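Before any comments, here is the structure.
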There are 2 protein chains.
Amino acid sequence: METLDTVPDEDFLRLDHQICFSLHAATRAFNGVYREALKELGLTYPQYLVMLVLWEHGELPVKGIGERLRLDSGTLSPLLKRLEAAGYVERRRSPEDERSVTVRPTGEGTALKEKARGVPRRIAAATGLPLEDIRDLRERLDALAVRLDAVDPDALSSCV
Amino acid sequence: METLDTVPDEDFLRLDHQICFSLHAATRAFNGVYREALKELGLTYPQYLVMLVLWEHGELPVKGIGERLRLDSGTLSPLLKRLEAAGYVERRRSPEDERSVTVRPTGEGTALKEKARGVPRRIAAATGLPLEDIRDLRERLDALAVRLDAVDPDALSSCV
DNA sequence: CGCGATTGAGTTGTGCACAATCGAATCGTG
DNA sequence: CACGATTCGATTGTGCACAACTCAATCGCG
């Protein structure tokens, strides 16, 4: 059987090139499709993700959004400012904990959900894949992300 | 059977959330792992991709790199300048066509290939997946990217 | 209660992705 | 040969990702 140990470095480098590159290419392709689909909503794809979690939860602290999307304040702070400037969300300091900032959709932001309703179906159609394939792919990617996030940094730099 | 047409919008939105988000999360997880693995080489992940194609082809015009990695000059120009500043590549105008810029690894850049040899194996090990699973995943992602790149932009904005 | 440690946002700086645009070189057709 | 169209790269501007840091608010232990 073909395993990690029976493949020469040279082939490996090629294979590796393709898996990481494939992921990159697929992500960028998705971004391109979303960019088109979200153009009429005036949202970028990461902004759309933020609105998705806000539509689902009603309101969340910045930290809560960051946990669900795995983004830190360095990414979210400016993004949320742009969403606020666009009139889709409002931010205010939590009365209970002055360190925390609560974000919630404005009326306009909530109304946007209706306009966004058709987006996911069109995206799924664009993939040309049956639902079960999409689901299977998603599960593999999730499992992969979990494994990669759990990797010990030192185990990487210190070669085997 | 469950198809695109038998699932309500509401569920769909959730499913969609997960597939696009999973891809995003997996890409970012990969980036994190590569960041660690490439730290000792002084390369970012996109810079590593560029070095990979240069190691394979010896020298290429900027356009050739862009075709292989699907990146445009707006991304490559500054990236190549940084690689040049790091001493890994040199750029010069092609004598045959003064519009074109030829990029090739310096001696130091070529030497880097040996130091990079162990990287892909460690990345593959970090995924915790057998080779055939990686290959299968790669093929699915490639097929997906092809489909998504071929999507007619008008078909997205004009709803079904 | 008081003070050091921790937590939550925000800021700064670097790098990538991409759209739009520019200028120079080259091509192609009349 | 001349001139409009195209090609190539660089540049500009916007937005995202992330590391490193700051600062205020809060927590918790003595």
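Computed from a predicted model, the values in this text were never measured in an experiment. Every chain is numbered from 1, with letters handed out A, B, ... down the list of sequences.
Scanning residues 84-94 of chain B for heavy-atom distances under 4.0 Å to DNA chain C yields an empty list.
At whole-Å resolution of the value, CD1 in B:I65 and C1' in D:dA10 are 15 Å apart. Protein atom CG of B:L60 is 11 Å distant from nucleotide atom P of D:dG9, rounded to whole Å. A straight line from CG of B:L80 to P of D:dT11 spans 12 Å, rounded to a whole angstrom. In this entry the distance linking CD of A:E67 with C1' of C:dG8 reads 11 Å, nearest Å. Counting to the nearest Å, the P atom of D:dA25 and the NZ atom of A:K63 are 19 Å from each other.
Between A:K81 and C:dT11 there is a side-chain polar atom (N or O) within less than 4.0 angstrom of OP1 or OP2. Residue A:S100 places at least one side-chain N or O under 4.0 Å from the OP1 or OP2 atom of C:dA9.
Ion pairing between B:R135 and B:E132 fails under the 4.0 Å rule for side-chain N and carboxylate O. Between A:E84 and A:K81 there is no salt bridge, since no side-chain N of the basic residue sits under 4.0 Å from a carboxylate O of the acidic one.
With hydrogens and angles ignored, the 3.5 Å screen pairs a side-chain donor or acceptor of B:R28 with a backbone N or O of A:R70. A donor-acceptor pair is defined here as one N or O able to donate and one able to accept, closer than 3.5 Å; no such pair exists between the side chain of B:R91 and the backbone of B:T102. A donor-acceptor contact shorter than 3.5 Å links the side chain of B:T106 to the backbone of B:G109.
Note on ring orientation: taking the six-membered ring where Trp is involved, the planes of A:Y34 and A:Y45 are tilted (angle from 30° to 60°).
Side-chain contact annotation: B:E96 with B:S94, donor-acceptor N/O pair under 3.5 Å present.
A:P61 comes within 4.0 angstrom of sugar-phosphate atoms only, judged by non-hydrogen atoms across all strands, and of no base. Backbone-only contact: B:T44 has heavy atoms under 4.0 Å from sugar-phosphate atoms and none from a base.
Applying side-chain contact (heavy atoms from CB on, under 4.5 Å) to A:L60 and the options A:R68, A:E67, A:R104 leaves one that passes, A:R68.
Distances were taken from every side-chain heavy atom of B:D97 (C-beta onward) to each of C:dT26, C:dT11, D:dG9; the shortest belongs to C:dT26.
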N/O contacts under 3.5 Å, protein versus nucleotides 17-24 of chain D?
unit_1 : atom_1 : unit_2 : atom_2 : d
D:dA17 : OP1    : B:H24  : NE2    : 3.4
D:dC18 : OP2    : B:R28  : NE     : 3.3

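Taking for each of B:Y45 and B:E98 the nucleotide of DNA chain C with the nearest heavy atom, the 5'-most of the two is the partner of B:Y45.
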Evaluate the side-chain contact (heavy atoms from CB on, under 4.5 Å) criterion for residues B:E36 and B:V33: first the C-alpha distance (whole Å), next the side-chain angles of each, then the deciding distance (0.1 Å), finally the verdict.
CA-CA 5 Å; B:E36 273 305 314; B:V33 172; 5.9 Å; no
